[in-house]
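When a ligand or atom number is given, it counts from 1 through the structure's own listing order. Fair warning: this is a prediction, and the values are worked out from it, not measured in the lab.
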Amino acid sequence: MDFDLTLEQNMIRKEVRKFAKKEIAPIAAELDETETFSADLTQKMGEIGLFGMVVSEAYGGQGMDYISYIIAVEEIARIDGSQAATIAAGNSLGIGPLYYFGNEKQKQKYLPKLCSGEALWGFGLTEPTAGSDAGGSKTTAELDGDEWVLNGSKIFITNAACELSWGVTVQAITGTRPSGKPEYTCFLVEHGTPGFKAIPMHKKFMWRASSTAELYFDDVRIPKENILGKVGDGFHQMLQTLDLGRLSIAAMGLGGAQGAYDAALKYAKGREQFGQPISKFQAVAFKLADSALEIECARNLLYKACWLRDKKRAFEKEAAMAKLYCSEVMGRVANHAVQIHGGYGLMKEYDVERFYRDQKLLEIGEGTSEVQRIVISRYIGC
Ligand SMILES: Cc1cc2nc3c(=O)[nH]c(=O)nc-3n(C[C@H](O)[C@H](O)[C@H](O)COP(=O)(O)OP(=O)(O)OC[C@H]3O[C@@H](n4cnc5c(N)ncnc54)[C@H](O)[C@@H]3O)c2cc1C
């Protein structure tokens with residue numbers, strides 16, 4: 001077995017870490033406090049190649065492997081969850097479906113601008129009455145001449161209501177299958193299409209500097225050529241997108257855990273009580289030891305899942321395990337980190353407070369922890 005990263009993967013870690021420390025760290029707390037999505041920062045992330053990382057260079061991407069992409073998300077999340085969310089959702093939910101299921105014309109049209117970070121694309125699956133049960137969605141599309149007419153709504157859609165938002169992939173019911181179950185199809189809907197409204201969602205507990213939107217479709221007319229793949233492929237496309245998305249959320253958990261641990265270790269060495277650094281108290285040292293252990297396990301599990309993906313082998317079970325484990329590890333590590341900071345850990349001047357809040361979404365978005373356990377149970381034959 002070879003646990004060494006390649007020269008290129010190590011270089012990506014070094015460069016992304018340098019960028020995150022220089023460009024994100026100084027403003028992350030303020031963007032969080034003021035609930036500001038920064039188009040400027042997003043475009044800077046685009047300039048250093050953080051969008052379209054696994055997309056072929058022919059469409060403006062970086063043509064890298066999945067481990068490289070995951071390392072980049074991890075390094076951004078080590079500094080800030082909101083910016084990592086913009087990158088993770090941009091790559092796996094925005095660009096992913098277009099790259100894997102789009103036709104040549106769609107790829108040529110959309111990917112170059114999305115891969116440069118000049119524009120963002122959303123992934124519209126969740127609805128007010130259909131979250132974990134994505135099959136329960138109600139948005140419909142009916143064919144009328146050469147156009148589809150879309151009606152319904154979506155909620156909690158990342159990157160879908162900011163100045164860079166260009167459009168969204170929307171899953172809608174287009175008929176009934178022979179089994180009696182709904183037939184789903186995905187549509188590419190651009191902002192500015194009459195009847196399509198995207199409303200930013202504010203007052204979030206976490207990821208406060210990322211864009212989250214409610215979407216409304218009121219007789220939105222979509223040309224036939226804006227179908228993604230074929231009629232009826234929608235549900236399958238969405239599930240495949242979520243399999244890959246789980247790796248991105250896992251990377252956010254791993255990076256966030258590392259960031260909270262780094263802060264806790266530094267603080268524990270500097271803070272003195274009873275005449276010695278608190279890191280010398282076994283109760284504190286053991287929290288740090290447990291954190292280091294779990295981060296190591298999380299990294300190995302996630303990189304193995306990415307390695308399977310890069311080798312084009314089945315990776316779905318490991319992706320669900322990595323998503324579940326990394327997000328819960330970040331919960332335990334961020335909790336220890338706040339505890340180690342004592343009262344200061346509850347103050348906004350210290351980053352651990354933000355890590356503690358940002359973590360919670362990881363156990364909910366792109367399949368809750370309960371749903372991951374259902375997925376894993378099925379893979380192991382329960
Ligand atoms: C900030 C943010 C960004 C998001 N970005 C996107 C996005 O870009 N695109 C998108 O489509 N969605 C997005 N989502 C939606 C997210 O994926 C859903 O919130 C998530 O899938 C859970 O759905 P729900 O909130 O409706 O909860 P529900 O499905 O109502 O779940 C509520 C609770 O019930 C539990 N539960 C449900 N079913 C079962 C079951 N069968 N067994 C055991 N427990 C169960 C859940 O685990 C959970 O604890 C985002 C959400 C947030 C908050």
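Closest to atom 20 (C) of ligand 1 among all protein heavy atoms lies Ile364 O, 3.4 Å. Of all protein heavy atoms, the one closest to atom 23 (O) of ligand 1 is Gly131 CA, 3.3 Å. Closest protein heavy atom to atom 53 (C) of ligand 1: Leu361 CD2, 3.3 Å. The nearest heavy-atom contact from the protein to atom 42 (N) of ligand 1 is Ile374 CD1, 3.5 Å.
Cation-pi geometry between Lys113 and Trp166 is met: the NZ or CZ atom falls under 6.0 Å from the ring centre, inside 45° of the normal.
Considering backbone and side-chain atoms together, Thr158 places an N or O closer than 3.5 Å to an N or O of ligand 1. Distances between N or O atoms of Phe123 and those of ligand 1 include at least one value under 3.5 Å. Taking distance alone, with nitrogen or oxygen atoms compared against 3.5 Å, Thr126 approaches ligand 1 more closely than that limit. Looking at Ala130 next to ligand 1, no N or O pair under 3.5 Å apart turns up.
Atom 39 (C) of ligand 1 is not flagged as protein-proximal [any protein heavy atom, distance under 4.0 Å]. Within 4.0 Å of atom 46 (C) of ligand 1, at least one protein heavy atom is present. Within a 4.0 Å radius of atom 34 (O) of ligand 1, the protein contributes no heavy atom. The nearest protein heavy atom to atom 30 (O) of ligand 1 is not closer than 4.0 Å.
A salt bridge is absent between Glu316 and Arg246: the closest approach of a Lys/Arg side-chain nitrogen to an acidic carboxylate oxygen does not fall below 4.0 angstrom. At a threshold of 4.0 Å, the pair Arg309-Asp243 does not count as salt-bridged, since none of the basic side-chain nitrogens sits closer than that to a carboxylate oxygen. The pair Glu328-Arg373 meets the salt-bridge criterion, with a side-chain N (NZ, NE, NH1 or NH2) lying under 4.0 Å from an Asp/Glu carboxylate O.
With Glu370, Glu366, Lys360, Met206 as candidates, the residue nearest to atom 1 (C) of ligand 1 on a non-hydrogen basis is Met206. Remark: among candidates Ser132, Ser211, Gly367, the nearest residue to atom 28 (P) of ligand 1 is Ser132, based on non-hydrogen atoms. Evaluated by nearest non-hydrogen atom to atom 6 (C) of ligand 1, the leading choice among Phe156, Trp207, Phe205 is Phe156.
Contact annotation: for Asp133 versus ligand 1, there are no heavy atoms closer than 4.0 Å. Using a 4.0 Å cut-off between heavy atoms, Val371 makes no contact with ligand 1 at all. Of the heavy atoms in Thr368, only side-chain atoms (C-beta onward) come closer than 4.0 Å to ligand 1.
No single ILVMFWY cluster, assembled from side-chain heavy atoms under 4.5 Å apart, contains both Leu7 and Met11.
The distance from the CD atom of Glu33 to the CZ atom of Arg208 is 6.5 Å, given to the nearest 0.5 Å. Asp65 contributes atom CG, which lies 4.5 Å from atom CG of Asp310 (distance to the nearest 0.5 angstrom). Note: Gln43 CD to Glu163 CD = 8.5 Å, rounded to the nearest 0.5 Å.
Within the 4.0 Å heavy-atom cutoff, Asn159 does not count among the residues contacting ligand 1. Assignment of Met201 to the shell around ligand 1 is not supported, since no heavy atom sits closer than 4.0 Å.
Of all atoms in ligand 1, numbered sequentially from 1 with element shown, those under 4.0 Å from a heavy atom of Leu93 are 8 (O). Within ligand 1, the atoms closer than 4.0 Å to a non-hydrogen atom of Ile157 are 7 (C), 8 (O), 9 (N), 10 (C), 11 (O), numbered from 1 in the order shown. Remark: ligand 1 atoms within the under-4.0 Å shell around heavy atoms of Leu125 are 11 (O).
In this structure, Thr139 and Leu150 have side chains that are in contact, with non-hydrogen atoms separated by less than 4.5 Å. Here the side chains of Phe123 and Leu242 are in contact, with some heavy-atom distance below 4.5 Å. Using a 4.5 Å heavy-atom threshold, the side chains of Glu363 and Thr368 count as separate.
One side chain, Trp121 or Thr169, offers a donor N or O that lies under 3.5 Å from an acceptor on the other.
Applying the side-chain hydrogen bond (donor to acceptor under 3.5 Å, both in side chains) test to every pair with at least one member in residues 264-292, sequence neighbours left out, gives no pairs at all.
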Determine whether Glu353 and Met347 satisfy the following criterion, side-chain contact (heavy atoms from CB on, under 4.5 Å), listing intermediate values before the conclusion. CA-CA 7 Å; Glu353 173 271 344; Met347 298 292 136; over 6 Å; no

